[in-house]
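Let me begin by presenting the structure, written as structure tokens, before commenting on it.
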Amino acid sequence: MPLPTPNPADLTGTVVALDPTLQLHLRVYAAGQPGRAPAALDVADPHSADYAHYLTPAQAEQRFGPTSAQTAAVHDWLTSQGLIITATTPHYFAVTATVAQTDAAFDTQIEDYQTTVSVGKGQNFTTHQAAAVGGFSVPATMATDIAAVTGIEQTVIPDTPAPAAQKPRIRAKAQPKTQAAGYQCSQYWAQHTETIPAAFGHTSAPTQLCGYTPDQMRSAYGVKGSQYTGKGATVAVVLEGQSPTELADANQYFTSHGEAGFAPGQFTENIDSSVDPSCVVAGEPQGDSLEESIDVETTHIAAPDAHIVYVAADCSTTVGDYVTNWLDGVTKVVDGHLADVVTGSWGWQESVLSRADTAAWDLTAEQAALEGIGLNFSTGDSGDIGQSQTMDPHFAQFPATDPWSTAVGGTSLAIGANGTVVGDFPWGDNGTEINAAGTGYAPAPPGQFLSGSGGGVSTYFAEPGYQQRVVPNTVATQHGSGSAARVIPDISADAGNLWDIGFTGAVTDGQYGEIIEGGTSGSSPLLAGLEADAKQATGHALGFLNPALYELCGSSAIRDILPVNPSDPPAVIGSQMFFGNNTDYLTTFGEDATLVAGRGYDDATGLGAPTPSFVTSFRQF
């Protein structure tokens, strides 16, 4: 019986035989009992009698986990094939096996796919990828017991370098709050304007924003002064490594802005002994300590009374390790029901993953839905084109593309002097510099694409039911070029117009400071915080959000993000800080390469952005 392929979709190269005695480290995932996915949809569907009737982890395991008979059958079959079981969890068996044993057990051939690439100046580099040739299957007697086998792609072939991991988050480092040419940044939208060389019929433009404060962000999303503050809800931030100063940094940040930080016990950390907490932050003051601060502080901005638990995943060196380690982090939240909603500011281009990887992921995602835990993931910060020639055009980022995830994209939010929203644009920044003579631009406006919200059509997942009545068929099928597929984002929030973030190492290593940040690394925890507020408002966790979310399409809960006029787009002048330098740009908002905003659902912003009534809108279900 065929299993999901363990090969990534972008697999290429010349097939070379592997040493049959080479040892592989695999995970054999148990399929569990039938009915998991339909039951998970029922508790998430506002039209179902089971809506919001969530299971505990123990109930989910009893009803849909593997039975003792299934576990025994898989155990006995693995050992009969000569595979050595090194660990057993409720979800999988960890096993070691030689290439020859794996070939025999799964009726396949594991070989070395070698690809030689040029790295410049006549130098070549050969990559090695262990993968299956032909099918990958188990006997029919095991077909209902085994869901997927992962780990083959993580094999390090002796005497070759390990495959380099794709950077999980495609983002540029922001800079301290300075302006390169002395333009006075604006504390709110259009506070200051400057004379510029003529562009789009204008000879002046507002200056770039200094970075929004927590008070401005709370005001814009209706949290300021609201009785709904996330009290009684928990948000899990899943990330690699750990910043040892996060709690102190967050409290200093909020105190400096006249806001309450974390009460004792309101922020906790869940870190296994197997996780090296220094694996990222050591020597990397703007590495994941920055990401952790974005996630934690932004969640607290949106839900100031919610409990936040930081769940650390181990650091990784290959794509396969990233997938495994972060899946383990999310699984830890689900197995222990540590939170009501998870936010993850990371992901990978779908084609670097195997169907076995995504099948294993779905088992945990479905369990999360059964328990009423929502999974939010960012869609990326590079539009649909990426910043690297190694990435396919029109890529969409997993796990945001997984139908069991809420894919959170970005907008560019314009907050006025009184804290209200005066504009909200699709996040797609293009920029050009004023020329040396100060008479024009090089290149001509709008210039080059700098950054923008990820989005697009999945190549792995069919269109889920909750999207079918809302997503235009032309979008889901890429204008008829394929079958209807999953499209992201589902919803968006501010990402392009940045806000203040404080952490140790922001400006000088070892010292606390503030920079401005955002991206979809910010919009995902922002939405997670609003979901925590909504739990308080509705009296129950929202769980897997998408079925209810798509019911709100066109309602006052979601602001439809409309396209900008390309002949007269909104623009600002000043340092383009998200792009990662202190060069002054004329930055225009609202246009990606091929992602296009429009009325209703679109692949640039999804359904749109939350309004101040978003938090209370779920009471109708």
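All figures in this text were calculated on a predicted structure; none of them were measured in a lab.
You'll find the ring centres of Trp427 and Phe589 outside the 6.0 Å limit. Two rings, from Phe377 and Trp346, have their centers less than 6.0 Å apart. The distance between the ring centers of His540 and Tyr51 falls below 6.0 angstrom.
In this structure, the side chain of Thr108 does not engage the main chain of Phe136 through any donor-acceptor pair within 3.5 Å. With Asp381 contributing its side chain and Gly452 its backbone, the two residues share no donor-acceptor pair below 3.5 Å. Side chain of Ser453 to backbone of Gly410: a donor-acceptor contact under 3.5 angstrom is found. When atom types are taken as modelled, the side chain of Asp533 and the backbone of Gly230 share a donor-acceptor pair closer than 3.5 angstrom. Distance alone, capped at 3.5 Å, is enough to place a donor-acceptor pair between the Gln620 side chain and the Ser617 backbone. A donor-acceptor pair under 3.5 Å is formed between the side chain of Asn497 and the backbone N or O of Leu413. Looking at Thr477, its side chain never comes within 3.5 Å of a backbone N or O of Ser483 through a donor-acceptor pair. Listed for the Ser523 side chain is a donor-acceptor partner under 3.5 Å among the backbone atoms of Gly409. Judged by distance alone, the side chain of Gln349 and the main-chain N or O of Phe398 form no donor-acceptor pair under 3.5 Å. Judged by distance alone, with hydrogens and angles left aside, the side-chain atoms of Tyr460 form a donor-acceptor pair with the main-chain N or O of Leu353 at under 3.5 Å.
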Next item on the list: Output, in order, the C-alpha distance, side-chain angles, deciding distance and verdict of side-chain contact (heavy atoms from CB on, under 4.5 Å) for Leu338 and Asn270.
Entry: CA-CA 9 Å; Leu338 303 181; Asn270 190 303; 3.6 Å; yes

Check: Could you walk me through whether Leu375 and Val330 pass the side-chain contact (heavy atoms from CB on, under 4.5 Å) check?
Finding: CA-CA 9 Å; Leu375 305 180; Val330 175; 4.0 Å; yes

Next item on the list: Just do the side-chain hydrogen bond (donor to acceptor under 3.5 Å, both in side chains) check on Gln154 and Thr324 with the steps written out, would you?
Entry: CA-CA 10 Å; Gln154 300 174 41; Thr324 298; 2.9 Å; yes

Next item on the list: Apply the test side-chain contact (heavy atoms from CB on, under 4.5 Å) to residues Asp362 and Thr364: give CA-CA distance (whole Å), side-chain angles for both, the deciding distance (0.1 Å), then the verdict.
Entry: CA-CA 5 Å; Asp362 276 348; Thr364 291; over 6 Å; no

Next item on the list: Would you sort out whether Asp602 and Val596 count as a side-chain contact (heavy atoms from CB on, under 4.5 Å), showing the intermediate values?
Entry: CA-CA 7 Å; Asp602 57 67; Val596 179; over 6 Å; no

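Looking at Met142 and Val74, their side chains come closer than 4.5 Å, going by heavy atoms from C-beta outward. In this structure, Tyr54 and Leu370 have side chains that are not in contact, with every pair of non-hydrogen atoms separated by 4.5 Å or more. Within the 4.5 Å cutoff, the side chain of Ser354 has no heavy atoms near those of the Asn7 side chain. Taking 4.5 Å as the limit, every side-chain heavy atom of Asp494 sits out of range of all side-chain heavy atoms of Asp424. Counting only heavy atoms from C-beta outward, the side chains of Ser351 and Pro8 never approach each other to under 4.5 Å. Between Glu463 and Val471 the shortest side-chain heavy-atom distance falls below 4.5 Å. Side-chain contact between Leu3 and Val149: present, with at least one pair of heavy atoms (C-beta onward) separated by less than 4.5 Å. Counting only heavy atoms from C-beta outward, the side chains of Glu551 and Tyr466 never approach each other to under 4.5 Å.
When all heavy atoms are compared, the tightest approach of Thr411 to Ala609 is CG2-CB, 4.4 Å. The two residues Trp326 and Val238 have their closest heavy-atom pair at CD1-CG1, 4.1 Å. Nearest heavy atom pair, residue Arg619 against residue Thr538, reads N-CG2, 3.7 Å. Contact detail for Val457 and Ala485: the closest heavy-atom pair is CG1-CB, 3.5 Å. Considering all non-hydrogen atoms of both residues, Ser137 and Asp107 come closest at OG-CB, 3.7 Å. Shown here for Pro566 and Glu591, the closest heavy-atom pair between the two residues is CB-OE2, 3.4 Å.
Under the 3.5 Å distance criterion, with hydrogens and angles disregarded, no donor-acceptor pair is assigned to the side chains of Gln467 and Asn546. Defined by atom type and a distance below 3.5 Å, a donor-acceptor pair is present between the side-chain atoms of Ser524 and Thr343. Residues Asp490 and Tyr550 bring a donor and an acceptor atom of their side chains to less than 3.5 Å of each other. If you check the side chains of Ser521 and Ser378, you find no donor sitting under 3.5 Å from an acceptor.
Applying the salt bridge (Lys or Arg N to Asp or Glu O under 4.0 Å) test to every pair with at least one member in residues 325-348, sequence neighbours left out, gives these pairs: Arg27-Asp328, Asp272-Lys332, Asp340-Lys535.
The distance from the CG atom of Leu549 to the CD1 atom of Ile558 is 5.0 Å, given to the nearest 0.5 Å. Atom CD1 of Ile308 sits about 4.5 Å away from atom OG1 of Thr299, to the nearest 0.5 Å. With rounding to the nearest 0.5 angstrom, the OG1 atom of Thr520 is 12.0 Å from the CG atom of Leu527. To the nearest 0.5 Å, the span separating OG1 on Thr401 from CD on Gln397 amounts to 8.5 Å. Rounded to the nearest 0.5 angstrom, Arg63 CZ and Thr56 OG1 are separated by 10.5 Å. Atom-to-atom distance recorded for Gln129:CD and Thr12:OG1 is 9.5 Å, nearest 0.5 angstrom.
Ion pairing of Arg355 with Glu350 is absent here, as no side-chain N (NZ or NE/NH1/NH2) approaches a carboxylate O to less than 4.0 Å.
Heavy-atom neighbours of Gln59 CD from other residues, nucleotides or ligands within 6.0 Å: above the threshold of 12.
With sequence neighbours left out, the ring pair (Phe, Tyr, Trp, His ring centres under 6.0 Å) criterion links Trp499 to no other residue.
Ring planes of Tyr29 and Tyr92: tilted class, angle from 30 to 60°.
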